[in-house]
Novice: 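The structure's right below; bear with me while I get my questions together.
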Amino acid sequence: MYKIVLMRHGESTWNLDNRFTGWTDVDLTEKGIAEARQAGKVLKEAGFSFDLAYTSVLKRAIRTLWLTMDEMDMMWLPVINDWRLNERHYGALQGLNKSETAAKYGDEQVLVWRRSYDTPPNPLPENDPRTSFGDPRYAGLQRSQIPLTECLKDTVERVMPAWDDTIAPAIRAGKRIIISAHGNSLRALIKMLDGISDADIVGLNIPNGQPLVYELDADLKPIKHYYLGDQSAIEAALQAVASQGKAK
Ligand SMILES: O=C(O)[C@H](O)COP(=O)(O)O
């Protein structure tokens, strides 16, 4: 049996502002820093240790990992930064307030943009200053690999090769891993791991900064999963994420 830990970054400045973030590289708030440190404490108390970490190339996930590892006195942990673990690209919604967008277009439309499997928001125009073309962290990618928008299906299509090519082989080799990533890149991974249908994935939300343990069998199929920490706080955080896209 293998055990891996998945964790969404702590609260970011744009989570606090309730803005669509996607590939925008915003940092953690003070609360986000505290959540990341608390996650480290909880993991340490539960006896977790790791051989390898995976994260995205976005600072909210990277810093969450650093702070969690600092609490565990494991700053030495090898880290693989993979752009394929980035948040789902939110297209032309990036920067907009989620409630204001719901007030303008309706809660149902915003739910479709946030949670449907295959409906992407409108893309950023190619010449929009918010695109990631020219960002040195993506210098090794083809222009066609740098999204202008994504639906969850598109995110699954980049997260899965990261799992198949690097993460799954490391787990099979006996490495104890932690993945510090994002709400929707983790939804993509969990959809695949648990075989969640396109319809049911709409109801899956991931709270900030809470370690989620997956126990996997020899074929890397999930046996069970559970959040570590205060279960009522986690439930409240899940509901809060679900409500972020409502007008009121
Ligand atoms: O990119 C974002 O705005 C958040 O990280 C995830 O947002 P969501 O819960 O609205 O998909």
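Note: hydrogens, waters and symmetry copies are ignored here, and every other heavy atom, side chains too, is used. Keep in mind that this is a model prediction, so the values were computed, not measured. First listed ligand is number 1; within each ligand, the first listed atom is number 1.
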Novice: Return the set of residues passing salt bridge (Lys or Arg N to Asp or Glu O under 4.0 Å) with R37 (not counting sequence neighbours), or none when no residue passes.
Specialist: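 With neighbours one apart ignored, the set is D70, E71.
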
Novice: Scan side-chain atoms only and decide if Y226 and Q231 contain a donor-acceptor pair under the 3.5 Å cut-off.
Specialist: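 No pair is found: no donor N or O on one side chain lies under 3.5 Å from an acceptor on the other.
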
Novice: Checking W113 now: which residues fulfil ring pair (Phe, Tyr, Trp, His ring centres under 6.0 Å) with it, not counting sequence neighbours?
Specialist: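 By the ring pair (Phe, Tyr, Trp, His ring centres under 6.0 Å) rule, W113 matches Y105.
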
Novice: Under the side chain to side chain contact (heavy atoms under 4.5 Å, CB included) test against R187, which residue among I201, V159, N205 passes?
Specialist: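 Exactly one option meets the side chain to side chain contact (heavy atoms under 4.5 Å, CB included) with R187, and it is I201.
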
Novice: State which residues pass side-chain hydrogen bond (donor to acceptor under 3.5 Å, both in side chains) with R137; sequence neighbours excluded, sorted by chain then number.
Specialist: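 side-chain hydrogen bond (donor to acceptor under 3.5 Å, both in side chains) list for R137, sorted by chain: D25, D135.
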
Novice: Enumerate, one pair per line, all nitrogen or oxygen atoms of ligand 1 lying under 3.5 Å from a protein nitrogen or oxygen, stating the separation to 0.1 Å; write 'none' if no such pair exists.
Specialist:
from	atom 1	to	atom 2	distance (Å)
ligand 1	1 (O)	T21	N	3.4
ligand 1	1 (O)	G22	N	2.8
ligand 1	3 (O)	T21	N	2.9
ligand 1	3 (O)	T21	OG1	3.4
ligand 1	3 (O)	K98	NZ	3.0
ligand 1	5 (O)	E87	OE2	2.9
ligand 1	7 (O)	K98	NZ	3.0
ligand 1	9 (O)	R114	NH2	3.0
ligand 1	9 (O)	R115	NH2	2.7
ligand 1	10 (O)	Y90	OH	3.2
ligand 1	10 (O)	K98	NZ	2.8
ligand 1	10 (O)	R114	NE	2.6
ligand 1	10 (O)	R114	NH2	3.1
ligand 1	11 (O)	Y90	OH	2.6
ligand 1	11 (O)	R115	NH1	2.8
ligand 1	11 (O)	N184	ND2	2.8

Novice: Output, in order, the C-alpha distance, side-chain angles, deciding distance and verdict of side chain to side chain donor-acceptor pair (under 3.5 Å) for T155 and N184.
Specialist: CA-CA 8 Å; T155 310; N184 294 297; over 6 Å; no

